[in-house]
Structure formats: structure tokens, C-alpha cells
Amino acid sequence: MTISKTNRLSLVEQVVSQIESLIESGEWKIGNQIPPEMDLIQQFDVSRNTLREAVRSLVYAGLLVTKQGKGTFVRSSSALGAAIERRIQQSSILETLEVRHALEREGAQLAALRRNQEDIEQLRFHISACSRAAEVKDIKAYEEADIQLHKSIMVSSHNDLLIDLYEHMEHSLHESIHQIVEMSSDVNFHLNIHCKLIDAIIEQDVNRAIETVNEYIAQFKKSLSK
């Protein structure tokens, strides 16, 4: 068996790699417009055609999105995230909720086992934000605070793969939480059950943390069935 020599990356592949690094590092944030074409041509020291081919490749992969008349924007932090998002878009809200259940149950369990003092401070900060939003009946602010609370629970799990998977579902989580909150008139239930969950994690009560996740997912499923 002969082994052929590997080819050096083409200019297009080099530009794609550099853009991916800018996105993954957070220098180019999700939702932000990428720099003007001429700026990028100068920075990467490539031709217009090379740059455009690299951008087309990243649009096809789902990391970038081109909006007619507006420009090109960062859509996802990785090819994996883009693939997950495309798959979730083909799923029902019930399927998304069931995946949330699996991830959040494991996240809550690990968080209860592994949370540290910094995690506790973040959990308390985000549950307080939920409480303030609920008090003034600001649904949009509540939904955003709820997302950040769930992400902080995942961070408290100290499982990088679980955190990444959950992060890639953020857009779909926004959608499911928005629909669930919209279907339920009792925001206080959401707040109270999340307070119970945070207390369980802080007190390192693994069983109560799992039971609480099961409880609110069951309630959300009940809301969907109505």
C-alpha cells in the first residue's frame, strides 16, 4: 500500500479555517455582521473570488448566513451547531422538549454533584433575574433570564461536551421556552419550580434536582397537550 503525499491547504481552505477560528473564539459573535468584503480581502491577502468562495462554503456549512440587501452574518459557532440547528428545525416542539428533558436532567444531576462557589453565585444571579422579570410581568425579559439560568446550570455540570451540546441548541431553546411560556398563564409556576431546582443544586440534593426537572417537563408536556 502506497501513501500519497498530502496536499497543502488551498487558499480557500486557509481562509475558511481562519474564519472558523474567528467565530469559534468569539471574536466574530453569533448574530453579528462580518466585516466588509474589502476589509477581509486586505486582512487575508487574497482575491475577491477566493474570499467569496470561502464565504459561500461557510454559508453552505451553516456557520454564516447571507441576508438579501443586508450582508452576511454569523449564524452558528461551529459546523456541529449548524447541523444540530438544521435537524432541530425539522423536529416538533414535543421532540425538542424531550431532548431538553434528557440534557437538563443530566445537567441538573451533575450540577448538584459538582457545583462550586462561583457556580452558586451565577445560579443565584440568574434566578434573581427571573424573579425580577416575573414580578413586573416582563415576559421577554423572563424568557431571556430563563435561558441564561439553564445555561448556568449546564456550566455548573462541568461537562464540556454537555455544555457545548446545550449551547448549540440555544436558538431552539428560545423558541420552545417562548411557546411554552406563551401557552401558560402562570409564570409563577415556572419561577417557583426553577427556585426549587436551584435550591436542590446548591444543597447538592441530586434526587430532588432530578425530580424537579421531571416535574417541570411533565407540566410543559401537559401544556402542549391542551
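Residue numbers start at 1 and run along the sequence shown. The analysis underlying the following values was restricted to heavy atoms, covering all of them including side chains, and did not include hydrogens, waters or symmetry mates.
Under the side chain to side chain contact (heavy atoms under 4.5 Å, CB included) criterion, Val99 pairs with Leu103, Met169, sequence neighbours left out.
Residue Ile34 holds its CD1 atom at 9.5 Å from CZ of Phe73, rounded to the nearest 0.5 Å. Atom CD of Glu53 and atom CG of Leu51 lie 10.5 Å apart (nearest 0.5 Å). Residue Ile198 holds its CD1 atom at 4.0 Å from CD1 of Ile153, rounded to the nearest 0.5 Å. To the nearest 0.5 Å, the span separating OG on Ser76 from CD on Glu24 amounts to 9.5 Å. Rounding to the nearest 0.5 Å places OG1 of Thr50 at 13.0 Å from CG of Leu40. With rounding to the nearest 0.5 Å, the separation of CD1 in Ile127 from NE2 in His194 is 7.0 Å.
Put simply, the side chain of Lys67 does not reach to within 4.5 Å of the side chain of Gln33, judged on heavy atoms. Annotation: side chain of Glu143 is not in contact with side chain of Ile147 (no heavy-atom distance under 4.5 Å). Side-chain contact between Glu215 and Leu197 is absent, with no heavy atoms from C-beta onward closer than 4.5 Å. Between Leu64 and Val74, the closest side-chain pair of non-hydrogen atoms falls below 4.5 Å. Using a 4.5 Å heavy-atom cutoff, the side chains of His101 and Asn214 are in contact. Annotation: side chain of Asn159 is in contact with side chain of Arg114 (closest heavy-atom distance under 4.5 Å). Using a 4.5 Å heavy-atom cutoff, the side chains of Ile19 and Trp28 are in contact. Contact check for Gln148 versus Glu144: side-chain heavy atoms found under the 4.5 Å cut-off.
For the pair Lys29 (side chain) and Gly26 (backbone), a donor-acceptor distance under 3.5 Å is present. A donor-acceptor contact shorter than 3.5 Å is absent between the side chain of Arg105 and the backbone of Ile210. A distance-only check finds a donor-acceptor pair linking the side chain of Ser157 to the backbone of Met154 [under 3.5 Å]. At distances below 3.5 Å, not a single donor-acceptor pair connects side-chain atoms of Arg115 with backbone N or O atoms of Ile120.
A pairwise comparison of heavy atoms in Ser152 and Leu123 identifies OG-CD2, 3.4 Å as the closest pair. Scanning both residues, Glu104 and Val213, for their nearest heavy atoms gives O-CG2, 3.9 Å. A pairwise comparison of heavy atoms in Ala112 and Ala200 identifies CB-O, 4.4 Å as the closest pair. Between Tyr142 and Leu191, the shortest heavy-atom distance links the atoms OH-N, 3.3 Å. In terms of heavy-atom proximity, Ile201 sits nearest to Ala108 at CG1-O, 4.1 Å.
Residue Asn116 qualifies as enclosed at atom CG: its count of foreign heavy atoms under 6.0 Å is above 12.
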Under the criterion side-chain contact (heavy atoms from CB on, under 4.5 Å), I'd like the reasoning laid out for Gln43 against Gln18: C-alpha separation, chi angles, the key distance, then a yes or no. CA-CA 11 Å; Gln43 289 175 29; Gln18 290 183 70; over 6 Å; no
Take Ser17 and Glu13 through the side-chain contact (heavy atoms from CB on, under 4.5 Å) test and state the conclusion after the steps. CA-CA 6 Å; Ser17 178; Glu13 290 170 329; over 6 Å; no
List the steps, then state whether side-chain contact (heavy atoms from CB on, under 4.5 Å) holds for Asp119 with His158. CA-CA 10 Å; Asp119 297 326; His158 296 275; 2.7 Å; yes
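Side-chain atoms of Gln122 and Glu118 include no donor-acceptor pair closer than 3.5 Å. Between His126 and His150, the side chains place no donor N or O within less than 3.5 Å of an acceptor N or O (distance only, hydrogens not considered).
If you chain together hydrophobic residues whose side chains sit under 4.5 Å apart, Phe44 and Val12 fall into the same group. Leu162 and Tyr166 fall within a single hydrophobic cluster, where Ile, Leu, Val, Met, Phe, Trp and Tyr are joined by side-chain heavy atoms under 4.5 Å apart, directly or via other members. Under the 4.5 Å side-chain contact rule for hydrophobic residues, Val136 and Ile139 do not share a cluster. In terms of hydrophobic clustering, with Ile, Leu, Val, Met, Phe, Trp and Tyr side chains grouped at heavy-atom distances under 4.5 Å, Val155 and Phe125 are assigned to different clusters. Each of Val15 and Val65 belongs to its own hydrophobic cluster when Ile, Leu, Val, Met, Phe, Trp and Tyr are linked at side-chain heavy-atom distances under 4.5 angstrom.
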